[in-house]
Amino acid sequence: MNANPGRRQRRAAHRYLRRVAAALCAVALPALAACADSGAGASQAGSTAGLTIGSVDLSKVCPAKVVIQTDWNPQAEQGGLYQLLGPNPVLDDARKQVRGPLYAKGEWTGVEVEIRSGGPAIGNQSVAVEMYTDPDILLGWVNTDEAVQNSAEHPVTQVFATFDKAPWMIMWDPGTYPGVSTIKELGKAGATVRYFDGATWMDYLIGNSILRRDQVDGSYDGSPATFLAAGGKAAQQGFATVEPYLYRNELPQWHKPVAYQLISDTGYPLYAVALSVRSRDVTAQSACLSALIPVVQQSTVDYFAHPEPANRLIIKAVDAFDNGWVYTAGQAADSAKSQLTTGVVSNGGNGTLGDFDGNRIQTILDITTPILTRNGTAPADGLKATGLFTNRFLDPGIGLGTTGAADSPED
């Protein structure tokens, strides 16, 4: 059982996008990174010599280099992290990493930051496991259900909610199903729903009679081929911040809208790719995290206020890494907008960006524990929701709409 269907979907999507990259280049999509020459892929880093530490000084409490491990290739969903980078970051195409001085609202903080790609760059390894393999990693992107799954041997604690809602969705053709607005209605309409076999949320949907077992098909591999071949009669899973734009704008065989509902809106309130630390570091790195996590909060606010500079760096990194991942400027710009309009990124109900609702964590723990136990990856004995997250490092006064958002030093 794989409790991280998002990582499986992205891995399969990576294989598919490698196959279609040449075809997309042939139709001359604007600003398609995979169509450009990758170049040397290693720009020179701006030296920290002569830089003056600003109002936030991380040098006395944090590692000299703050290492952040993501779960996939560079994309706009990582915009708040790329916003941390100062001028002239290093693009390390061999290691699929970007690093440079760590900035807070246009000022140097006294340390560097290194953003590492995940997925194929780490052999599709679980980020939680990777964090225990490499002690240099301070923060990693981990889903709540993955944290539950790894709690016995690789316990992590979530400290910043990258997304208020997980972007996973089921999508369908509104022309074929004009009266359908929810996954439950899609189930009643009798549509076949393709998904990655092993997704824990599918067990939830079936167990709660939202979909029937006889109408779901676990053969989805990330390719749009079966969706296109079915002419819209079958539905499939996807990402709300990716496929709606991709299908409407960059797949010539479709070029029309898709409808969808977020899995999180069905009662599976996952926190996806939350910034997490090894659980022991909640105490061991408390001084650093108390100073650093508010910087990440504000960096995320600043990114959504002005996403273009970070998006340009993301596209540049995709080009430099040149590993078959296809990501366009149009996709990045749309994602920055759709993350907000879909509610995937929001302040939640209290005005604070990045905090966790313990009741939601408890719900995921309750849902996934029996599923994982049946499949041989039971969580740690006595695991409690309070062991999976903490809000102690967040600044409750920082949220979307915070005034004074800073331009990126690259701008």
Side-chain angles (χ1 to χ4, degrees), residues 1-4 6-7 58 61-63 65-71 81 111 113-116 118 122 125-164 166 200 269-297 352-373 375-396:
M1 167 63 66
N2 188 330
N4 187 4
R7 190 172 69 249
L58 301 178
V61 293
C62 287
K65 182 169 65 176
V66 172
V67 177
I68 303 174
Q69 177 66 63
T70 71
D71 74 334
L81 302 181
V111 300
V113 61
E114 180 173 276
I115 302 170
R116 298 182 179 181
I122 57 172
Q125 174 71 278
S126 162
V127 172
V129 175
E130 187 74 8
M131 291 170 70
Y132 276 85
T133 302
D134 186 347
D136 288 341
I137 299 170
L138 177 64
L139 294 161
W141 262 15
V142 182
N143 303 321
T144 307
D145 52 7
E146 185 182 8
V148 175
Q149 182 184 34
N150 285 282
S151 58
E153 296 185 5
H154 304 98
V156 298
T157 300
Q158 299 183 311
V159 296
F160 174 77
T162 304
F163 300 139
D164 192 54
T200 53
L270 181 76
Y271 286 104
V273 298
L275 277 178
S276 306
V277 297
R278 289 173 291 268
S279 292
R280 64 175 182 260
D281 285 342
V282 171
T283 299
Q285 294 287 354
S286 62
C288 174
L289 296 171
S290 295
L292 174 62
I293 296 305
V295 171
V296 177
Q297 284 179 277
T352 299
L353 180 68
D355 61 341
F356 300 90
D357 180 339
N359 292 328
R360 287 176 55 181
I361 301 285
Q362 184 65 57
T363 297
I364 291 298
L365 179 59
D366 291 342
I367 290 172
T368 59
T369 293
I371 296 171
L372 295 171
T373 300
N375 290 279
T377 54
D381 291 341
L383 180 65
K384 298 182 183 300
T386 52
L388 293 167
F389 79 99
T390 180
N391 289 323
R392 63 181 283 194
F393 304 118
L394 296 162
D395 182 339

Subject >> All side chain to side chain contact (heavy atoms under 4.5 Å, CB included) counterparts of Asn150, not counting sequence neighbours >> reply: Ser126, Ala128, Val129, Glu146, His154

**OP:** Tell me, please, which residues at least two apart from Ala161 pass side chain to side chain contact (heavy atoms under 4.5 Å, CB included).
**Re:** Tyr271, Phe356

**OP:** Please test Val61 against Leu292 for side-chain contact (heavy atoms from CB on, under 4.5 Å), starting from the C-alpha separation and ending with a verdict.
**Re:** CA-CA 9 Å; Val61 293; Leu292 174 62; over 6 Å; no

Give the minimum heavy-atom separation between [X] and [Y], together with the two atoms involved.
{"X": "Val273", "Y": "Asp71", "value": "CG1-OD2, 3.4 Å"}
{"X": "Cys288", "Y": "Leu138", "value": "SG-CD2, 4.0 Å"}
{"X": "Leu139", "Y": "Met131", "value": "C-CE, 4.4 Å"}
{"X": "Leu58", "Y": "Ala291", "value": "CD2-CB, 3.5 Å"}

Subject >> Heavy-atom side-chain proximity of Leu289 to Val282 below 4.5 angstrom >> reply: no

Subject >> Test item: Phe393 and Leu275 side chains (from C-beta on) under 4.5 Å apart, heavy atoms >> reply: no

Roughly how far, to the nearest 0.5 Å, is [atom2] of [Y] from [atom1] of [X]?
{"X": "Ile293", "Y": "Asn391", "atom1": "CD1", "atom2": "CG", "value": "11.0 Å"}
{"X": "Asp395", "Y": "Ser290", "atom1": "CG", "atom2": "OG", "value": "11.0 Å"}
{"X": "Leu270", "Y": "Asp145", "atom1": "CG", "atom2": "CG", "value": "5.0 Å"}

Original post:
Going by the salt bridge (charged side-chain N to carboxylate O under 4.0 Å, His left out) test, which pairs reach into residues 152-163, not counting sequence neighbours?
Top reply: none

**OP:** Hey, could you give me each pair passing side chain to side chain donor-acceptor pair (under 3.5 Å) that has a residue in residues 128-137? Not counting sequence neighbours.
**Re:** Arg116-Asp134

Original post:
Under the side chain to side chain donor-acceptor pair (under 3.5 Å) rule, what pairs show up with a residue in residues 272-285, not counting sequence neighbours?
Top reply: Thr157-Ser279, Arg278-Asp281

Original post:
Which is it for Val277 and Val156 under the side-chain contact (heavy atoms from CB on, under 4.5 Å) test, yes or no, and what are the steps along the way?
Top reply: CA-CA 5 Å; Val277 297; Val156 298; over 6 Å; no

Contacts under 3.5 angstrom, residues 363-372 side chains, donor-acceptor by atom type, not counting sequence neighbours:
unit_1, atom_1, unit_2, atom_2, d
Thr363, OG1, Asn359, O, 3.0
Asp366, OD1, Gln362, NE2, 2.8
Thr368, OG1, Ile364, O, 2.7
Thr369, OG1, Leu365, O, 2.6

Subject >> Any residue meeting side-chain hydrogen bond (donor to acceptor under 3.5 Å, both in side chains) with Asp355, in chain and number order, not counting sequence neighbours >> reply: Asn350

Original post:
Does Gln158 have any side-chain hydrogen bond (donor to acceptor under 3.5 Å, both in side chains) partners at least two apart in sequence or in another chain, and if so, which?
Top reply: Thr144

**OP:** Would you confirm whether Glu114, through its side chain, and Val67, through its main-chain N or O, come within 3.5 Å as a donor-acceptor pair?
**Re:** no

Which pairs of donor and acceptor atoms, one on a side chain in residues 379-390, lie under 3.5 Å apart (sequence neighbours left out)?
unit_1, atom_1, unit_2, atom_2, d
Thr390, OG1, Arg392, N, 3.2

**OP:** Just jot down the ring-ring contact (aromatic ring centres under 6.0 Å, His included) partners of Phe160, sequence neighbours excluded, or say none.
**Re:** none

